[in-house]
Amino acid sequence: MPPAHLKVMRRPAKSVLKVTEPLRSGIPLKTLIVDDEPIARRVLREELESIAGVEIIGEADNGAVALDKIAEYRPDLVLLDLQMPAMGGLDVVRSIRSGTHLPVIVIVTAYDKYALQAFEAGAIDYLLKPVCQERLVEAI
């Protein structure tokens with residue numbers, strides 16, 4: 001038994017949302033994909049297109065464009081890569097925290113070493129590439 005001062009963390013139950021099951025609200029989840037690699041954006045787009053209730057409203061290939069699209073389109077969800085030229089994903093998260101619209105941020109990256117920084121910056125989930133569809137559905 002762990003000491004009383006330590007919090008016990010349980011693994012979340014398997015997702016009850018099936019890939020073909022629509023999101024419960026009936027309102028599409030407006031989603032922005034941000035990654036500097038075209039192939040990575042395409043893979044995420046294809047995975048998201050098979051999930052009912054998710055609407056892809058745009059894509060960005062760098063942090064500056066991401067900030068512009070977040071301000072313009074006001075997405076509900078941003079799938080955000082960390083390693084991008086000029087402005088990385090953590091810089092994007094820190095920038096939007098002070099804005100008027102704060103979407104849900106899910107980091108999608110090939111690097112596991114930035115997870116703590118991502119959560120401290122405000123991300124709600126951290127997915128490692130290549131992302132399997134089950135894990136993507138769980139994050140959504």
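For clarity, every value in this text was computed on a predicted model and none was experimentally measured. In this chain, residues are counted from 1 in sequence order.
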task = Find out if a path of hydrophobic residues (ILVMFWY) with successive side-chain heavy-atom gaps under 4.5 Å connects Val137 to Tyr126.
result = no
inquiry  = With heavy-atom distances below 4.5 Å as the criterion, would you say the side chains of Pro75 and Thr31 are in contact?
reply    = no
ask   = Any ion pair linking Arg45 and Asp35 (charged N to carboxylate O, less than 4.0 Å)?
value = no
Criterion side-chain contact (heavy atoms from CB on, under 4.5 Å) on Ile107 and Asp125, from CA distance to verdict = CA-CA 6 Å; Ile107 300 298; Asp125 210 340; over 6 Å; no
ask   = So do the side chains of Ile140 and Leu29 get within less than 4.5 Å of each other, counting heavy atoms only?
value = yes
Cluster check Ile33, Val104: I/L/V/M/F/W/Y, side chain < 4.5 angstrom = yes
task = May I ask whether Phe119 and Leu102 are part of the same hydrophobic cluster, defined by side-chain heavy atoms of I, L, V, M, F, W, Y residues being less than 4.5 angstrom apart, directly or through others?
result = yes
query = How many angstroms lie between CZ in Arg97 and CD1 in Ile105, if you round to the nearest 0.5 Å?
reply = 11.0 Å
request  = With the side chain counted from C-beta on, respond yes when Ile70 and Val78 share a heavy-atom pair under 4.5 Å apart, and no when they do not.
outcome  = yes
message = Among residues at least two apart in sequence or on other chains, which ones pass salt bridge (charged side-chain N to carboxylate O under 4.0 Å, His left out) with Asp61?
response = none
ask   = Do side-chain atoms of His101 reach the backbone of Tyr73 as a donor and acceptor pair under 3.5 angstrom?
value = no
inquiry  = Would you say that Val108 contacts Asp81 through its side chain, given a criterion of any heavy-atom pair below 4.5 Å between the two side chains?
reply    = no
note = Between Met84 and Asp36 the two heavy atoms that sit nearest each other are CG-OD1, 3.8 Å
query = Does Lys69 reach the main-chain N or O of Glu59 with its side chain, forming a donor-acceptor pair under 3.5 Å?
reply = yes
key: Flag side-chain contact, heavy atom, 4.5 Å: Leu48 against Glu55   = no
query = Taking all non-hydrogen atoms of both residues, which atom of Ala121 and which atom of Val93 are closest, and how far apart?
reply = O-CG1, 3.2 Å
task = Could you check if a side-chain atom of Val92 sits within less than 4.5 angstrom of a side-chain atom of Leu80, using non-hydrogen atoms only?
result = yes
request  = Tell me, with the steps shown, if Leu44 and Leu79 meet side-chain contact (heavy atoms from CB on, under 4.5 Å).
outcome  = CA-CA 9 Å; Leu44 279 174; Leu79 298 175; 4.3 Å; yes
Carboxylate-amine/guanidinium contact Glu37 Arg41, below 4.0 Å = no
ask   = What is the minimum heavy-atom distance between Ala40 and Lys129, and which atoms define it?
value = CB-NZ, 4.0 Å
ask   = Would you say Leu77 and Pro103 make side-chain contact, with heavy atoms under 4.5 Å?
value = no
query = Between CG of Leu32 and CZ of Arg74, what distance do you get to the nearest 0.5 Å?
reply = 13.5 Å
inquiry  = Any side-chain to backbone donor/acceptor pair from Asp76 onto Lys30? Under 3.5 Å, distance only.
reply    = yes
task = May I ask you to test the Pro28-Val54 pair for a side-chain heavy-atom distance under 4.5 Å?
result = no
inquiry  = Grouping I, L, V, M, F, W and Y whenever their side-chain heavy atoms are under 4.5 Å apart, do Val106 and Leu128 come out in a common cluster?
reply    = no
message = Looking at Tyr111, I want to see if its OH is surrounded by more than 12 non-hydrogen atoms of other residues, nucleotides or ligands under 6.0 Å.
response = no
request  = Establish, from distance only, whether the side-chain atoms of Ser50 and Gln133 form a donor-acceptor pair under 3.5 Å.
outcome  = yes
request  = Please step through side-chain contact (heavy atoms from CB on, under 4.5 Å) for the pair Met87 and Ser95, ending with a clear verdict.
outcome  = CA-CA 10 Å; Met87 177 183 259; Ser95 294; 4.1 Å; yes
inquiry  = Hydrophobic clusters here meaning ILVMFWY residues chained together by side-chain heavy-atom distances under 4.5 Å, can you tell me if Ile56 and Val131 are in one?
reply    = yes
